[in-house]
Amino acid sequence: MAVDPNETPLMRQLQRDHERRRELEGAVFEPPAQTRIFTIANQKGGVGKTSSAVNMAAALALGGLRVLVVDVDPQGNASTALGIDHHSEVSSMYDVLVDDMPMKDVVQPCPDVENLLCAPATIELSGAEIELVSLVARENRLKNAIAQLLEDLDKAGARRIDYVLIDCPPSLGLLTVNALVAAKEVLIPIQCEYYALEGLSQLLKNVELIRTHLNPQLAVSTIMLTMFDGRTRLAAQVAEEVREHFPDQTLNVTIPRSVRISEAPSYGQTVITYDPSSTGALAYRAAAKELNERAAQQG
Ligand code: ADP
Ligand code: MG
């Protein structure tokens, strides 16, 4: 059987990358009406939470928006990927959550991307999970800190932050609860692999609990399919199943499995700066554009 060379998966990918590059070149994103606050959540580890948080953040910033990544995972992977100093003496989200330090005193600019900020995590945060238990308003501390930061920036006449993306640890402790109370929207990355949907109903139940008791505004607004391998039947099946369950929330753009995405953090970079024209970078930029445009549609 003759194979049309224009119809091979590689050709299709090259074609799509080409179209994306053209569409994204010099693209300026429309700022949302209000600051959008997302928590990137999934209690499974290794599903692409941190990669999605930092790469979406960098892609939004590249589109001209002002973006803050809040790292509340004691591992500090998001801080590392953004090239932010987070050794144990650095002021971090630990000081904010446990010692009431204002967030404006811990936020650092990302060295490689204009308009991208990061509130880093240090290893001290691993103790916060326990220390928070005895503090007043223990579930609301991040929410209050972010509100204070936005107010402080406003008073100082600084440019408004358009997006806040909170990167969570892979568990449902008080740090993640704080993140879910602080956000209005939840972005769930789903890995297109075996067992991808396992644990999802638990996550949705937890979001529902937070909504009922602590944060009535919370909604799962966005689901993102990550580590998609177009060559496997399984990835397509998982994607199809997710889209069936969450037709309104699932982004059209899927993030491919890409070596570039996994390499970038070891250089203290996002894939957006590490290899801007790679398939992975283009996918995150297209996903960021879609995420931003959906907000405009939803009002
Ligand atoms: P989480 O924050 O949910 O634990 P990470 O974003 O740290 O997940 O990703 C887990 C691992 O998978 C990391 O080593 C990361 O570099 C890698 N990874 C994430 N997304 C991709 C992708 N699209 N393609 C290839 N590797 C990826
Ligand atoms: Mg992570």
Side-chain angles (χ1 to χ4, degrees), residues 13 16-17 20 38-59 69-84 86 92-93 118-123 125-126 129 165-173 175-176 178-180 186-200 202-203 206 222-232 234-236 238-239 242 251 253-288:
Q13 182 190 311
R16 199 186 43 215
D17 283 1
R20 279 193 175 146
F38 280 87
T39 283
I40 322 296
N42 193 329
Q43 75 275 33
K44 285 180 83 164
V47 298
K49 286 186 292 298
T50 300
S51 304
S52 297
V54 300
N55 291 314
M56 289 296 270
V69 172
V70 180
D71 192 355
V72 294
D73 183 346
Q75 307 231 14
N77 293 337
S79 312
T80 302
L82 295 174
I84 303 288
H86 64 108
S92 76
M93 287 309 297
C118 175
T122 50
I123 194 67
L125 256 187
S126 54
E129 202 80 75
L165 306 185
I166 307 169
D167 189 34
C168 286
S171 59
L172 196 89
L175 289 170
T176 300
N178 262 271
L180 290 170
V186 184
L187 186 161
I188 304 179
I190 294 182
Q191 203 181 356
C192 297
E193 309 246 313
Y194 283 119
Y195 309 125
L197 301 176
E198 193 185 72
L200 190 60
Q202 189 57 45
L203 174 62
N206 291 336
T222 312
I223 292 182
M224 211 162 133
L225 297 164
T226 66
M227 303 191 208
F228 185 85
D229 184 343
R231 293 165 307 183
T232 71
L234 175 69
V238 170
V242 171
L251 293 181
V253 177
T254 55
I255 308 301
R257 185 170 275 291
S258 137
V259 176
R260 291 299 193 222
I261 292 176
S262 60
E263 280 172 355
S266 52
Y267 297 91
Q269 290 199 36
T270 67
V271 74
I272 310 294
T273 53
Y274 175 64
D275 190 352
S277 60
S278 64
T279 302
L282 290 168
Y284 269 118
R285 289 181 63 195

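Excluded from the calculations below are hydrogen atoms, water molecules and symmetry mates; all remaining heavy atoms, backbone and side chain alike, are included. These numbers were taken from a predicted model, which means no experiment stands behind them. As the structure lists them, so they are numbered: ligands from 1, and atoms in each ligand from 1.
Not a single heavy atom of P265 lies less than 4.0 angstrom from ligand 1. Using a 4.0 angstrom heavy-atom cutoff, P256 counts as in contact with ligand 1. Residue I261 places a heavy atom less than 4.0 Å from ligand 1. In this structure, G280 falls outside the shell of residues with a heavy atom less than 4.0 angstrom from ligand 1.
The contact set between ligand 1 and V47, taken as ligand atoms under 4.0 Å from a residue heavy atom, comprises 1 (P), 3 (O), 8 (O).
Of the protein's heavy atoms, at least one falls inside 4.0 Å of atom 21 (C) of ligand 1.
More than 12 heavy atoms of other residues, nucleotides or ligands sit less than 6.0 Å from atom CD of E129.
With atom 26 (N) of ligand 1 as the reference point, the heavy atom nearest to it among S266, P170, S262 is part of S262. In this structure, of M227, R260, Q43, R257, the residue bringing a heavy atom nearest to atom 18 (N) of ligand 1 is M227.
In terms of protein heavy-atom proximity, atom 25 (C) of ligand 1 is closest to S258 O, 3.1 Å. Scanning the protein heavy atoms around atom 8 (O) of ligand 1, the nearest turns out to be G48 N, 3.0 Å. Among all protein heavy atoms, the one lying closest to atom 19 (C) of ligand 1 is S51 OG, 3.2 Å. The protein heavy-atom contact nearest to atom 4 (O) of ligand 1 is G46 N, 2.7 Å. When hydrogens are left out, the protein atom nearest atom 7 (O) of ligand 1 is T50 CB, 4.0 Å; that is the closest non-hydrogen contact.
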Discussion item. Side chain to side chain donor-acceptor pair (under 3.5 Å) for S92 and H86? Distances and angles first, verdict last.
Written reply: CA-CA 7 Å; S92 76; H86 64 108; over 6 Å; no
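For the Mg ion (ligand 2), the neighbouring protein N/O/S atoms at less than 2.8 Å, given as residue and atom, are T50 OG1.
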